[in-house]
Amino acid sequence: MSVSPDELKDRIEAAIPGTRAAVTGDGHHFEATVEGPAFAGLSRIAQHKLVYDVFGAELGDRIHALSLKITPTEAR
Amino acid sequence: MSDSPSNPMREAIQSAISENPVILFMKGTPEAPACGFSARTVAVLEAVDRPFAAVNILPDPAIRQELSAISGWPTIPQLFVDGELVGGCDIVTEMYQTGELQKLLGVETAEAGAEAPEPAAHHETAPLSIENLL
């Protein structure tokens, strides 16, 4: 079953407060640009895990690949 | 760290991570990557010009399962340096572009900040390869 980029965008933004996401993809492989205060002060590993955790076991399965570009922003 | 003696696959992976200062778990081999993300990560490591060990996770699904259980990282490739997970393709590429990867690997190059290299059509054999040992 294919996944829409909008679904990924909505789920990232819903799960991580204050986050804005832009997602492109072909239904299986996706690229997401994500920014938000939740990433500030975290290591790269921790930043990526925060987003991976939104999708859990769907990654590598329903969502074949998710490439991430994460930018921390100032907490408001 | 689990030291359960009943899980030889997990122990083999943990040994490989601790015994190799730079080790990449990937789909396929450095000479014949089976996935674009693995290919790009290999290309970055080869551009840094530091020997690395490589493990092909494809021959046995248990490799990937145990690896992700150890690292808490769901996707492949995964690069470990000095026993620590550095990240996957995105992070390795980003760190190469900022020069952090070169610093981490103890290789200072004048070209830090260079464009990420494209995967080459074919690769030199990695100096150390332990694929299929697991």
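Because the structure is predicted, anything quoted here is derived from the model rather than measured.
- Note that CZ of A:Arg44 and OG1 of B:Thr98 are 5.0 Å apart. Values are rounded to the nearest 0.5 Å.
- For A:Glu31, the CD atom counts as loosely surrounded, since its 6.0 Å shell holds 12 or fewer non-hydrogen atoms of other residues, nucleotides or ligands.
- In this structure the side chain of B:Asp90 reaches within 4.5 angstrom of the side chain of A:His48, judged on heavy atoms.
- The contact between B:Glu100 and chain A is made entirely by side chain atoms (from C-beta outward), counting heavy-atom distances below 4.5 Å.
- Across all their heavy atoms, B:Val86 and A:Ile45 have their closest contact at O-CD1, 3.0 Å.
- Side-chain heavy atoms closer than 4.5 Å link hydrophobic residues (I, L, V, M, F, W, Y) into clusters, and following such links, possibly through other members, connects A:Ile16 to A:Leu59.
- Under a hydrophobic clustering in which Ile, Leu, Val, Met, Phe, Trp and Tyr are joined whenever their side-chain heavy atoms come within less than 4.5 Å, directly or via other members, B:Ile23 and B:Val48 fall into the same cluster.
- Hydrophobic clustering, with ILVMFWY side chains joined whenever heavy atoms are under 4.5 angstrom apart, groups A:Leu68 together with A:Phe39.
- Residues B:Leu24 and B:Val22 share a single hydrophobic cluster, defined by chaining ILVMFWY side chains whose heavy atoms lie under 4.5 Å apart.
- Atom OG of A:Ser43 is separated from atom CD1 of B:Ile91 by 7.5 Å, given to the nearest 0.5 angstrom.
- Using cut-offs of 30° and 60° for the angle between ring planes, the B:Trp73 and A:Tyr52 rings count as perpendicular.
- At a 4.5 Å heavy-atom cutoff, the contact between B:Ser71 and chain A is made by backbone atoms alone.
- Cluster annotation: B:Leu85 is connected to B:Met95 through the hydrophobic network of ILVMFWY side chains, with a link wherever side-chain heavy atoms come within less than 4.5 Å.
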